[in-house]
*Asks:* 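First the structure, then my questions, so here it is.
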Amino acid sequence: MHLKTAKQALLRLGAVLCAVTALLCALAGAAAAADGDVLTVGVPADRCPVFYTDADSGEIVGIGPDLLRAAAQEAGYEVVFRTVSEPTLKDALDSPAYDVVMPLGSSITSAAGQSSIVSDNLTQTPFTLVTWGNRKLEDLNRLRVGMLRSLGGGAETVRQLYPGMEIGFYDTMGQCVRALRTGQVDALLHNSYVWSYVLQKPSYADLTVQPSAMFSMDFRVGTLDTPAGRAVIERLNRGIAAVPETRRQAVILAYTSRQLYRYDVGDFFYRYGLAVLLGVLLLAAIIAIMVMHQRSFRRENEEKLRQAIDYDPLTGALSLNGFRSRVEELLRANPDVPYLLSYNNVRNMKYINDSLGWSVGNELLRFWVSSAMKILRDDEALCRVSGDRFAFLRVIEDSDKLDREEETVYEPLRNYFIDRGLETRVQICAGVYILTPEDYQNIDVDRILDHARVAERKVREARRDGYEVYNPEQWERGKRLADIVSRLPSAIRSGEIEVWYQPQVDYAAGRINGAEALCRWNHGKLGRLQPAEFIPTLEDAGLIYDLDCCVWEQVCRDLQRWNAAGHRRAVSVNLSRCDLSSGRDIPELFTRLAETYGLGRDQLRIEITESAFAEDPEMLIGTVTRLRELGFPVEMDDFGSGYSSLHMLKEVPVDRIKLDLHFLSGAGDTERGRIIVSFMIRMVHSLGMELIAEGVETDAQADFLRDQGCCEMQGYFFHKPMPVGEFERLLRENDAAADA
Ligand code: C2E
Ligand code: CA
Ligand code: CA
């Protein structure tokens, strides 16, 4: 029984002991090192090499963690480091997430106002000031110093050491440096070990460490001043004391002697900017070359494909498809070039193929194309429509084109076999279509081909050998135009262009007081041509300026001769609206002409047509103004013929108006015409301009004009235009009559 009660008492005691132990353990665990031996340490991680996160392992390492780990091991702790997420260590002290925090220089009050206790010193950390440029630091107590905000705990120790020091806090090292460079602070303060790391950044090479301004700060672990906290600190202190000094030095050396700083992109550019730039450019160039290569490869392929679609593989001429686009292109680019399209067919091709074989037939087709290619211009095109049918787009250079072609292309083709000792003559039927202005406006290659085909069928059905023109009238016109345009340069050189003069008279005084120069073309092939026929053509072809220059020169030469003979006269010359819009400096040209031939500028009267005003009023006004400033009289030609007459009269400052009777008295009610003319005469005089009436054909017209106050006249009633010799004779008679 006794034994039994003793046993029960023992068991009960054991249970009580167990319960007490468990309670103690729970209390201790709640207060500090949980699980007995694990110590959670809150540390910053932004100050390599003292505290930082290792890029490879992701663990928090550095001088601080290694020193503490050594001490904690001695104290029997296992340590876990956590980055403090609070803004400062003062805040971290209050956090239950850490058992202890570090580094603290001395015990400080927590953010919540709790007092803390700190461990013994793990090591002395040197703190150094860094300045910018070669600034000297004098009185440390009056210095403005920049620090990282997270070093707030350290700042308190600094304040105790240097109460007069003004401390500014910044979130990042970059901001600290900017504050230093912009003069907001005199120096930056940080752990020397950290400086040894930070100053490895290339762009901080201009910062200077101030070794003379060094001071040391303790490097301790701290926690809130509670019983549990005190217990942890006491235990840690034992560990700290047990760490040999050599071990401490080894840890510090290990971190400060390593190149821990890693270049970021900015550093890289700072350091190797030029090299990087060149590298990037080189890379860009390589990429560009590759892209271009790729493109040209694609273009080549497309071109090959296009070739396959657009060209006939047998002869190398264009295919119908290629011809269509080429013709469209040419007509669009050359709207003023006269073209013809011929459609050709070998009539006896079947016979040739059957009797001589396909390959011989093919040889013939190839020969045809190669001989045609030899005479083909860049602005012409040749196509194999199908089988033995070929189409040519050709420029009508002159009326002999088709005849010449007969000789150069068709005859050798016809004689192809004969020239090779066979009897077969190649028979060719051709249909020719002359392109009309409408064909250039509404380009339809198939329609053009159809017309040529129709003409070709006529030849084929008539069992003839040769060509037929679809639109012969057009052909005649086209030939004539081509003869005009193609012959102008040689006509100018060979003197085919003549200047005729139509006298201008003073009807009241009965004498000649001027003339209008009008050109005539004594065409070697087409005979005497009137301006109405070739002037519009030359204007369209952009050649009128050449003709006008030739006329002006001849007029100047005549005026010079008359001047030399003592007869100073004035001549009106015509200026095409195309001369005005050609971009040439007309006033300059006339000035030079007058100088060259020793003429007074008033001897050259320049006629500008009213229609030029409608085209480009500003340019017309500009030229007229300049001509008049230079002293050339300007006349408004064909007045009354345009729609803008009155408007023009208001805007353009001319010296003389040429009233065209033709437009006012020609058809319709003559009485109304007379009323208009009489008002116009008065109006022009009221505007202070001179007036000449042209196209005067009857004495009634002349009398009427004179009665209305317009005595200057020009017209068939007085004289028709005449060659210079005749005009000179007339002038002599006129002078003689005046003298008598
Ligand atoms: P335009 O400047 O109006 O010249 C007057 C035209 O009327 C001349 O025709 C002249 O022969 C004609 N004419 C003169 N009096 C009468 C008449 O009483 N009745 C009729 N029905 N007609 C008469 P032409 O010489 O055939 O010249 C025609 C047009 O060609 C000129 O009209 C002018 O615009 C232009 N022209 C003539 N020569 C030149 C030149 O050298 N250069 C330029 N750019 N154009 C010129
Ligand atoms: Ca005229
Ligand atoms: Ca006129």
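If you read the sequence from its start, that first residue is 1, and numbering goes on from there. Because only heavy atoms are used, hydrogens play no part in the values below, and waters and symmetry mates are left out as well, while side chains stay in. Start at 1 and go down the list; that is how both ligands and their atoms are numbered.
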*Asks:* Among all the protein's non-hydrogen atoms, which is closest to atom 5 (C) of ligand 1, and how far away is it?
*Replies:* Glu694 OE1, 3.9 Å
*Asks:* Do Lys658 and Asp638 sit within salt-bridge range, that is, some charged N less than 4.0 Å from a carboxylate O?
*Replies:* no
*Asks:* Need the atom name: nearest N/O/S atom of Asp638 to the Ca ion (ligand 3).
*Replies:* OD1
*Asks:* If you have a sec, work out which protein heavy atom is nearest atom 46 (C) of ligand 1 and how many Å separate them, to one decimal?
*Replies:* Ile535 CD1, 3.1 Å
*Asks:* Any atom of ligand 1 sitting under 4.0 Å from a heavy atom of Gln714?
*Replies:* no
*Asks:* If you round to the nearest 0.5 Å, how far is CD of Gln560 from OG1 of Thr596?
*Replies:* 9.5 Å
*Asks:* Could you check whether the rings of Phe392 and Trp368 sit parallel, tilted or perpendicular, using 30° and 60° as the cut-offs?
*Replies:* tilted
*Asks:* State plainly whether the residues Arg626 and Asp585 are in salt-bridge range, i.e. N to O under 4.0 Å.
*Replies:* yes
*Asks:* Name of the Glu694 N, O or S atom nearest the Ca ion (ligand 3)?
*Replies:* OE2
*Asks:* Please state whether the rings of Phe718 and Tyr507 are parallel, tilted or perpendicular, taking 30° and 60° as the class boundaries.
*Replies:* perpendicular
*Asks:* Can you figure out which of Ala517, Pro531, Ser576, Cys578 has its heavy atom closest to atom 29 (C) of ligand 1?
*Replies:* Pro531
*Asks:* Could you tell me the angle subtended at the Ca ion (ligand 2) by OE1 of Glu607 and OE2 of Glu516, rounded to 10°?
*Replies:* 90°
*Asks:* Looking only at side-chain N and O atoms, does Tyr410 offer a donor or acceptor that is under 3.5 Å from a partner on Asn344?
*Replies:* yes
*Asks:* Please work out, at 4.0 Å between heavy atoms, whether the side chain, the backbone, both, or neither of Val551 comes within that distance of ligand 1.
*Replies:* side chain
*Asks:* What are the atoms of ligand 1, with element, lying closer than 4.0 Å to any heavy atom of Gly695?
*Replies:* 16 (C), 17 (C), 18 (O)
*Asks:* Using a cut-off of strictly less than 3.0 Å, determine whether Ser572 has an N/O/S atom near the Ca ion (ligand 2).
*Replies:* no
*Asks:* Specify side chain, backbone, both or neither for Lys720, according to which of its non-hydrogen atoms lie closer than 4.0 Å to ligand 1.
*Replies:* neither
*Asks:* Taking Arg605 for the side chain and Arg656 for the main chain, is one N or O donor matched with an acceptor at less than 3.5 Å?
*Replies:* no
*Asks:* Suppose I only count heavy atoms of Asp638 and a 4.0 Å limit; which atoms of ligand 1 are within that range?
*Replies:* 3 (O)
*Asks:* Check all N, O or S atoms of Asp637 and name the one closest to the Ca ion (ligand 2).
*Replies:* OD2
*Asks:* Does Arg326 make a cation-pi contact with Phe323 (under 6.0 Å, within 45 degrees of the axis)?
*Replies:* no
*Asks:* Find all atoms of ligand 1 within a distance of less than 4.0 Å from any non-hydrogen atom belonging to Pro721, and give their numbers and elements.
*Replies:* 11 (O)
*Asks:* If you have a sec, work out which protein heavy atom is nearest atom 34 (O) of ligand 1 and how many Å separate them, to one decimal?
*Replies:* Asn574 OD1, 4.6 Å
*Asks:* Does a side-chain N-to-carboxylate-O contact under 4.0 Å join Lys525 and Asp483?
*Replies:* yes
*Asks:* Quick check: does Asp660 put an N/O/S atom under 3.0 Å from the Ca ion (ligand 3)?
*Replies:* no
*Asks:* Donor-acceptor pair, distance only, cut-off 3.5 Å: does the side chain of Asn574 make one with the backbone of Glu607?
*Replies:* no
*Asks:* Please list the nearest protein heavy atom to atom 10 (C) of ligand 1 with its residue and the distance rounded to 0.1 Å.
*Replies:* Leu518 CD1, 3.7 Å
*Asks:* Heavy-atom contact check, 4.0 Å cutoff: does Glu516 meet ligand 1?
*Replies:* yes
*Asks:* Are any non-hydrogen protein atoms located under 4.0 Å from atom 25 (O) of ligand 1?
*Replies:* yes
*Asks:* If you have a sec, work out which protein heavy atom is nearest atom 12 (C) of ligand 1 and how many Å separate them, to one decimal?
*Replies:* Tyr716 OH, 4.1 Å
*Asks:* Distance to 0.1 Å, residue and atom name: give those for the protein heavy atom nearest to atom 15 (N) of ligand 1.
*Replies:* Gln502 NE2, 2.9 Å
*Asks:* Please report the closest heavy-atom contact between Ala452 and Tyr433, naming both atoms and the distance.
*Replies:* N-CB, 3.9 Å
*Asks:* Between Asp735 and Arg732, is there a salt bridge with N-O shorter than 4.0 Å?
*Replies:* no
*Asks:* Which residue from Asp548, Leu529, Thr609 reaches closest to atom 40 (C) of ligand 1 through any of its heavy atoms?
*Replies:* Asp548
*Asks:* Got the closest protein heavy atom to atom 38 (N) of ligand 1, with its distance?
*Replies:* Cys519 N, 3.2 Å
*Asks:* Please list the nearest protein heavy atom to atom 20 (C) of ligand 1 with its residue and the distance rounded to 0.1 Å.
*Replies:* Glu697 OE2, 3.3 Å
*Asks:* Classify the angle between the aromatic ring planes of His647 and Phe613 as parallel (below 30°), tilted (30 to 60°) or perpendicular (above 60°).
*Replies:* perpendicular
*Asks:* For the residue pair Arg557 and Tyr597, would you count it as a cation-pi contact if the rule is NZ or CZ under 6.0 angstrom from the ring centre and within 45 degrees of the ring axis?
*Replies:* no
